[in-house]
2 protein chains.
Amino acid sequence: MAKKSGKTTIHDIAYELGLNASTVSRALADNPVVSQKTRDLVQAKARELNYQPNRIAAALRRGRSDILGVIVPAIDRAFFGRVIRGIEEKADKAGFHIIVCQSYDSAKRERAMVSTLQRLQVDGIMISTAKDKEPITDFYKQLMATGLPIQFFDTMPAGLDAPAVVIDDELGGFEATEHLIKAGYERIAHLRGPQHIHIYHDRYRGYVRAMTEAGRTVDPRYVIDIDSHFDSGEEAFVQLWNLPQPPDAIFSSSDYSAAAGIKASEKYGIRVPEELAIIGFANESFTEIITPKLSTVDQQTRTMGRLAAERMIAVVTDKNALQSLERRLVLAPKVIVRKSSQR
Amino acid sequence: MAKKSGKTTIHDIAYELGLNASTVSRALADNPVVSQKTRDLVQAKARELNYQPNRIAAALRRGRSDILGVIVPAIDRAFFGRVIRGIEEKADKAGFHIIVCQSYDSAKRERAMVSTLQRLQVDGIMISTAKDKEPITDFYKQLMATGLPIQFFDTMPAGLDAPAVVIDDELGGFEATEHLIKAGYERIAHLRGPQHIHIYHDRYRGYVRAMTEAGRTVDPRYVIDIDSHFDSGEEAFVQLWNLPQPPDAIFSSSDYSAAAGIKASEKYGIRVPEELAIIGFANESFTEIITPKLSTVDQQTRTMGRLAAERMIAVVTDKNALQSLERRLVLAPKVIVRKSSQR
DNA sequence: TTGTAGGCGTTATCAT
DNA sequence: ATGATAACGCCTACAA
């Protein structure tokens with residue numbers, strides 16, 4: 001029997017077997033220096049006593065916790081939920097655990113969370129930085145100088161040279177627009193998200209480039225600014241439809257406003273995709289259930305999570321892996337063509 | 001200056017100030033037994049040296065990690081993302097952290113995750129148990145016997161008397177149906193989810209009770225079984241519409257099939273809600289963007305997370321709080337009436 | 001092949 | 001009010 005009432009430790013096992021704790025420690029680690037017989041004995045006894053190694057103690061001793069910190073703006077956003085799933089998948093396989101924190105898009109909270117994670121002795125931190133006006137670049141510069149492995153994903157502070165896995169929004173905008181062009185649509189409009197937000201700016205740039213490269217001019221009347229996701233969708237649609245020559249296709253910077261567009265066109269009796277093609281962005285789960293099914297751009301969320309975790313773990317596991325990885329990995333989004341943009 | 005190059009510890013601070021580590025420890029904890037002057041001195045020096053307390057070491061010594069384990073089937077499901085957000089909110093406020101694990105709805109993995117969390121010395125585990133046929137009740141009985149605080153939420157093993165925060169799906173089904181009845185609909189159909197899954201069975205029972213209590217009979221032809229979320233929605237609709245007397249309202253056990261129903265009715269030229277009312281279940285985010293906006297039943301996800309965390313923390317913080325809490329807290333879902341069921 | 005001893009950083013107990 | 005010491009559980013030189 002283990003002595004006290006508490007959990008069994010290597011000392012308990014050692015005592016039971018008339019061995020020393022260090023031998024038990026080695027045996028449990030399957031260290032070949034210990035005789036096979038002893039190893040079997042120890043491991044059997046460990047099972048018998050339902051021994052659960054204390055990872056906290058091991059962490060303290062080894063100076064490694066096998067825990068990774070993850071900071072996202074909000075865990076209940078579908079995008080981050082999926083990325084975290086990817087992260088957890090990889091981490092789990094590699095024997096790491098993740099502690100998830102939310103910044104609620106506040107730079108201040110983000111810094112606080114970094115601090116907390118450091119105190120928890122995490123081996124590295126993966127961050128999708130808050131969309132906050134407050135500058136945080138210097139904070140991370142200092143942090144990285146301490147040697148703590150950092151890996152950004154999705155969003156990263158401006159002007160920081162740090163490992164990151166991001167998505168090429170410009171390419172996404174380009175390909176979405178290109179798809180519409182190739183599908184034979186003539187007058188392609190764009191529902192443009194807030195331009196101070198990086199991703200929307202890039203999607204817009206991709207739109208412009210695709211138009212330009214196809215030898216088309218970007219009619220400013222075809223570029224409608226939308227702020228909130230849903231509500232401005234219908235207004236935008238009306239605005240477009242009142243033009244002397246309405247567009248025959250729309251590339252929306254978000255699935256939500258794209259859906260609002262579909263909704264509005266139904267209301268006004270415009271058939272999608274026959275009279276008007278629509279493509280969104282993000283591959284939200286509802287894109288498959290609305291009528292018609294919404295074409296969109298997939299952001300490779302799970303892949304992003306997996307890659308970020310892989311790179312993080314590579315660095316944590318082997319410090320000089322850092323050099324061998326490109327600092328910045330840019331993922332290509334994937335256009336998903338569904339009914340709403342196929343005629 | 002701190003000695004070595006490593007992180008600063010209380011010993012460094014003590015050395016700098018000509019004090020003893022134990023005094024520093026007390027001072028940092030604002031222990032009033034230490035003179036105000038010394039406390040100030042220590043805290044100033046701690047800031048100066050950018051001291052970050054090592055929570056791992058403290059955890060080892062105190063036998064408490066201030067970490068809670070959370071196990072959910074999959075973090076990228078909107079439902080769990082929201083619950084976790086609620087959990088994290090409360091945990092954060094109380095100075096706890098959460099480690100999130102996914103069971104992928106496998107009982108085996110779930111057990112493994114529990115084990116891992118135990119090794120990490122979490123102070124308690126919050127679980128939404130896997131929808132797996134494999135029985136896991138005995139496992140938890142044993143686990144709870146060890147004294148590890150456990151708190152279930154959303155789903156819990158059958159026949160286990162354990163603290164849990166769950167939602168009353170039967171009531172949700174009842175109220176959704178009642179709403180349709182009160183709104184004056186005559187022939188109310190139900191899209192019924194797989195009955196071996198507890199929640200769908202309860203929603204169906206609520207439907208039956210509402211019908212019965214209103215003095216109506218449940219016409220078996222009005223109860224359509226759907227398996228996968230989307231695809232069977234249209235079939236179900238067609239089946240209903242080919243009835244000699246089609247229903248004038250549908251209560252669907254999921255928002256997805258409800259949306260599919262709306263989609264199908266448009267296709268067949270049936271106006272919602274004038275000719276057919278539809279209400280779903282879960283308050284998915286897309287319910288607000290489809291046309292017409294979908295009535296649904298909100299599951300109080302964030303509240304569920306908050307309450308589960310609150311209860312967990314109460315138990316962890318004060319062992320005899322256990323008694324004072326009802327073992328099982330049942331949350332009432334909330335019907336959200338939107339366009340799709342209002343005439 | 002196994003044992004001894006020391007320490008990871010903190011906190012609790014006892015002494016001064 | 002502060003200091004000395006031990007211990008949390010594990011790991012790892014080093015010794016035997």
Side-chain angles (χ1 to χ4, degrees), chain A residues 2-43 45-46 49-67 95 118-123, chain B residues 2-43 45-46 49-67 95 118-123:
Chain A
K3 25 179 206 179
K4 307 265 193 55
S5 54
K7 316 187 184 172
T8 60
T9 72
I10 51 173
H11 293 100
D12 300 329
I13 301 178
Y15 176 81
E16 292 276 307
L17 261 32
L19 286 170
N20 185 282
S22 52
T23 306
V24 172
S25 174
R26 285 186 282 249
L28 288 170
D30 247 329
N31 188 330
V33 86
V34 177
S35 75
Q36 186 65 52
K37 207 185 67 187
T38 312
R39 267 186 279 165
D40 293 343
L41 231 51
V42 169
Q43 288 169 12
K45 185 57 90 180
L49 299 180
N50 187 29
Y51 167 71
Q52 304 270 37
N54 184 328
R55 309 276 254 91
I56 290 278
L60 180 59
R61 171 63 234 240
R62 295 192 309 140
R64 253 191 65 178
S65 62
D66 291 344
I67 298 178
Q118 281 188 285
R119 303 188 214 284
L120 286 169
Q121 310 297 118
V122 297
D123 296 339
Chain B
K3 24 181 203 180
K4 308 262 193 59
S5 55
K7 315 188 186 174
T8 61
T9 72
I10 50 173
H11 291 100
D12 300 330
I13 300 178
Y15 177 80
E16 292 275 308
L17 261 32
L19 287 170
N20 186 282
S22 48
T23 306
V24 172
S25 174
R26 286 185 283 247
L28 288 170
D30 247 328
N31 188 328
V33 86
V34 177
S35 75
Q36 186 62 54
K37 206 185 69 188
T38 311
R39 267 186 280 165
D40 293 343
L41 231 50
V42 168
Q43 289 169 11
K45 186 57 91 180
L49 299 181
N50 187 30
Y51 167 72
Q52 304 270 38
N54 185 329
R55 310 276 255 91
I56 291 278
L60 179 58
R61 174 64 234 240
R62 295 193 308 141
R64 251 190 67 179
S65 62
D66 292 344
I67 299 178
Q118 281 187 284
R119 303 190 216 282
L120 286 169
Q121 310 296 118
V122 297
D123 296 339

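First the proteins, then the strands, lettered A, B, ... as listed; each starts at 1.
Summarising the geometry, atom CG belonging to B:Leu28 is positioned 10.5 Å from atom OG1 belonging to B:Thr23; distances are rounded to the nearest 0.5 Å.
When the side-chain nitrogen and oxygen atoms of B:Tyr51 are compared with OP1 and OP2 of C:dT10, one or more of them lie within a distance under 4.0 Å. Taking 4.0 angstrom as the limit, A:Ser25 places none of its side-chain polar atoms (N or O) nearer than this to OP1 or OP2 of D:dG9. Here B:Ser22 does not reach the OP1 or OP2 of C:dA12: none of its side-chain N or O atoms lies under 4.0 Å away. Distances shorter than 4.0 Å separate some side-chain N or O of B:Ser35 from OP1 or OP2 on D:dT2.
Nucleic acid contact for A:Val33: base, since at least one base atom lies under 4.0 Å from a heavy atom of the residue.
For the pair A:Lys7 NZ and D:dC10 C1', the computed distance is 15 Å after rounding to whole Å. Between the CD1 atom of B:Ile10 and the C1' atom of C:dA12 there is a distance of 12 Å, given to the nearest Å. The CG atom of B:Leu19 sits 11 Å away from the C1' atom of D:dA1 (whole-angstrom rounding).
Contacts between residues 55-65 of chain B and DNA chain D, defined by a heavy-atom separation below 4.0 Å, involve B:Leu60, B:Arg61, listed by number.
At a cut-off of 3.5 angstrom, counting only N and O atoms as typed in the model, there is no donor on one side facing an acceptor on the other between the side-chain of B:Thr9 and the base of C:dT10.
If you check D:dC10, C:dT4, D:dT2 against the side chain of A:Asn20, the one that comes closest is C:dT4.
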